[in-house]
There are 2 protein chains.
Amino acid sequence: MAVTETKRKPKQEAKATRAQDPEGTRRNILEVASEEFALNGLSGARIDEIAARTRSSKRMIYYYFGDKEGLYLRALENAYREVREGEAHLDIEGLSPIAALTRLVEFTFEHHHRHEEFIRMVMIENIHNGQYLEQSKEIRELNVTAIDHIARIYSRGVEEGVFRPGLDPVELHWQVSALCFFNVSNRTTFSMIFGRDFGAPEQLERLKRNTVEMLLRFVAAADAPAL
Amino acid sequence: MAVTETKRKPKQEAKATRAQDPEGTRRNILEVASEEFALNGLSGARIDEIAARTRSSKRMIYYYFGDKEGLYLRALENAYREVREGEAHLDIEGLSPIAALTRLVEFTFEHHHRHEEFIRMVMIENIHNGQYLEQSKEIRELNVTAIDHIARIYSRGVEEGVFRPGLDPVELHWQVSALCFFNVSNRTTFSMIFGRDFGAPEQLERLKRNTVEMLLRFVAAADAPAL
DNA sequence: GGGATAATGTACGAACTGGTTAGTTTAGTC
DNA sequence: GACTAAACTAACCAGTTCGTACATTATCCC
């Protein structure tokens with residue numbers, strides 16, 4: 001134990017001594033677990049496999065997360081948190097309602113595409129009838145900015161007379177989500193059944209354009225010019 | 001062994017003697033397995049549990065289906081077969097393109113709704129990256145009538161000038177599928193996050209109407225009357 | 001530097017779970 | 001009515017998998 005200085009203050013600063021690093025260990029476990037659960041589901045994932053891929057050990061998983069379900073719950077929360085944080089970066093202020101909606105849909109489409117792991121976790125959670133989501137206060141409190149965005153855009157569009165009135169923002173969001181989610185969630189089987197690669201870049205572009213157009217046409221006021 | 005007549009010809013006719021009934025046993029196992037897999041996934045389902053719910057035994061599962069994956073594969077095929085057979089009952093001959101498309105979308109929406117088990121199996125299979133679907137020659141050969149229907153409707157619509165040209169029937173089908181599939185697959189989490197019951201009858205009606213309208217507006221020719 | 005507490009490593013065990021072995025019963029055939 | 005193949009049963013096995021007991025080391029605070 002000749003070195004004494006490097007061991008001081010391992011909290012916030014550059015962690016010279018890596019020997020004991022609770023926060024890092026926790027995060028490392030959660031990252032690995034997130035991947036494994038997204039890949040294999042709750043029952044499919046193996047604690048031993050997760051432990052092996054960790055820089056830590058199985059003992060630490062139980063130390064920090066209690067049991068397998070506790071770990072899964074954290075992984076689920078983690079997935080939601082990451083995606084929600086990403087959503088916040090959308091900037092649509094100053095755009096016209098049509099441009100803003102276009103941007104929002106394009107963003108959502110790409111955002112889903114970028115976060116396949118999240119999509120898989122949501123699928124898995126739906127298979128479990130949302131029984132873990134139900135337990136998570138944290139996820140319920142992560143307010144969904146997407147709704148605010150689309151609600152604002154929509155009401156501005158109605159005011160300006162370019163969107164027709166009487167629609168429900170939550171239902172609009174539902175439609176956008178459906179089209180964007182499906183693109184990732186069912187890509188594999190859909191591609192197989194129809195013998196076409198729905199993950200190919202040009203195909204994705206087409207689907208994205210279709211999705212935007214679909215939404216614009218759906219909300220368009222009766223006297224709006226054709227697209 | 002006093003009775004001799006009732007034992008004759010147990011093949012096609014009313015099976016008086018249930019003692020040995022290969023076809024029935026097989027079907028019974030498959031039914032139970034389908035439910036269990038749809039409910040718990042491949043890794044989540046338990047062979048012992050399936051066996052227990054069966055009128056038969058675990059040994060019979062292995063006798064008829066080889067192993068767990070074999071059983072899952074049959075259950076998957078079973079799900080696809082049932083749903084495809086149901087699709088065939090759609091009758092849209094004689095309807096105008098718009099009426100036919102309306103009917104098709106409504107039917108698809110309801111059909112998905114009625115076959116939650118199938119939806120769940122497709123989700124599960126996507127989680128597995130379609131590795132079992134890939135193995136199934138039977139599913140690949142079940143041709144998808146939905147595409148034929150929508151392709152026919154669409155081309156008639158274009159001919160009659162009520163639909164705009166240049167669209168891809170497979171992509172149209174993709175859009176219909178996305179909207180209808182999502183309604184079942186993500187109902188639970190979506191309802192939880194947005195605090196509204198998306199399975200409620202009136203809500204379903206609204207979503208169905210929206211979906212129809214979305215498609216009609218998407219394919220509508222430029223000079224078509226507003227909806 | 002000593003004592004308390006948090007963090008970590010090692011080894012193990014009990015229950016579960018997919019799969020099998022060995023043998024029995026039934027249905028139909030000659 | 002003896003024989004054979006298919007259908008079926010019960011008990012069992014071996015590998016896996018979640019979880020834990022126990023011991024040890026690092027860090028913090030005074």
Side-chain angles (χ1 to χ4, degrees), chain A residues 1-13 15-30 32-33 36-37 40-75, chain B residues 1-30 32-33 36-37 40-75 132:
Chain A
M1 295 295 183
V3 191
T4 50
E5 288 174 4
T6 52
K7 291 199 167 187
R8 301 282 142 236
K9 292 222 175 192
K11 270 269 172 67
Q12 304 291 45
E13 302 168 18
K15 292 149 190 167
T17 304
R18 284 250 165 153
Q20 214 164 288
D21 176 17
E23 204 43 53
T25 303
R26 232 192 103 96
R27 204 170 39 238
N28 176 233
I29 290 173
L30 198 52
V32 175
E36 287 292 316
F37 282 128
N40 306 308
L42 172 53
S43 50
R46 302 289 149 216
I47 290 284
D48 284 303
E49 176 65 22
I50 293 172
R53 289 191 42 204
T54 289
R55 263 181 262 110
S56 182
S57 68
K58 184 157 76 156
R59 178 69 187 75
M60 284 296 94
I61 293 176
Y62 286 94
Y63 185 66
Y64 284 120
F65 300 96
D67 59 10
K68 194 186 188 185
E69 299 196 348
L71 182 58
Y72 171 80
L73 184 56
R74 296 305 157 204
Chain B
M1 296 292 186
V3 191
T4 50
E5 288 174 7
T6 52
K7 290 201 169 189
R8 300 284 143 239
K9 291 224 173 191
K11 271 269 170 69
Q12 304 292 45
E13 303 168 17
K15 291 149 190 169
T17 305
R18 283 247 165 154
Q20 215 165 287
D21 178 16
E23 204 44 52
T25 301
R26 229 192 105 97
R27 202 169 41 236
N28 176 233
I29 291 174
L30 197 52
V32 175
E36 288 292 316
F37 282 127
N40 306 308
L42 171 52
S43 50
R46 300 290 114 140
I47 290 282
D48 284 304
E49 177 63 23
I50 293 172
R53 290 190 43 205
T54 290
R55 266 182 260 108
S56 182
S57 67
K58 183 156 80 154
R59 182 65 187 81
M60 282 296 95
I61 293 175
Y62 287 93
Y63 184 65
Y64 285 120
F65 300 96
D67 58 10
K68 195 186 187 184
E69 300 196 346
L71 181 58
Y72 171 80
L73 184 56
R74 295 306 156 206
Y132 298 94

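Please read these numbers as outputs of a predicted model, since none were measured by experiment. Letters A, B, ... are given to chains in the order of the sequence lines, protein chains preceding strands, and every chain is numbered from 1. These numbers come from the heavy atoms of this one structure, side chains and all, not from hydrogens, waters or symmetry mates.
- Taking side-chain N and O atoms only, Ser57(A) has a distance below 4.0 Å to OP1 or OP2 of dG9(C).
- Contact between Ile29(A) and Leu71(A) at its shortest, heavy atoms only, is CG2-CD1, 4.1 Å.
- Closest heavy-atom contact between Ser43(B) and Asn40(A): OG-O, 4.4 Å.
- As a whole-Å value, the separation of Asp48(A) CG from dG19(D) P is 11 Å.
- The distance from the CD1 atom of Ile50(A) to the NZ atom of Lys58(A) is 11.0 Å, given to the nearest 0.5 Å.
- Taking each heavy atom of Met60(A) and Ser56(A) in turn, the nearest pair found is CG-OG, 2.9 Å.
- Separating the CZ atom of Arg27(B) from the P atom of dA7(D) is a distance of 14 Å, rounded to the nearest angstrom.
- Judged by closest nucleotide on DNA chain D, Ser56(B) is the one of Ser56(B) and Ala45(A) placed further toward the 5' end.
- We find that CD1 of Ile47(B) is positioned 11 Å from P of dT20(C), with the value rounded to whole Å.
- Base contact: Arg59(B) has a heavy atom under 4.0 Å from a base atom.
- Of all the residues in residues 60-73 of chain A, Tyr62(A), Asp67(A), Lys68(A) reach under 4.0 Å from DNA chain D with at least one non-hydrogen atom.
- In this structure, the CD atom of Glu23(B) is 10 Å from the P atom of dA7(D), given to the nearest Å.
- Legend: residues meeting side-chain hydrogen bond (donor to acceptor under 3.5 Å, both in side chains) with Arg59(B), ordered by chain and number and at least two apart, are absent.
- Regarding Asn40(B), its CG atom lies at a distance of 16 Å from the P atom of dC16(C), rounded to whole Å.
- Residue Leu30(A) comes nearest to Phe65(A) through the heavy atom pair CD1-CE2, 4.2 Å, listed as atom of the first residue, atom of the second, then distance.
- For Lys68(B) against Ile47(B), the heavy-atom pair with the smallest separation is CG-CD1, 3.7 Å.
- Atoms CG (Leu42(B)) and P (dT17(C)) sit 14 Å apart, rounded to a whole Å.
- Contact check, Thr25(B) against dC8(D): a side-chain N or O comes under 4.0 Å of OP1 or OP2.
- Between the CG atom of Asn28(B) and the C1' atom of dC8(D) there is a distance of 14 Å, rounded to whole Å.
- Following rounding to the nearest Å, Arg46(A) (CZ) and dG19(D) (P) show an atom-to-atom distance of 12 Å.
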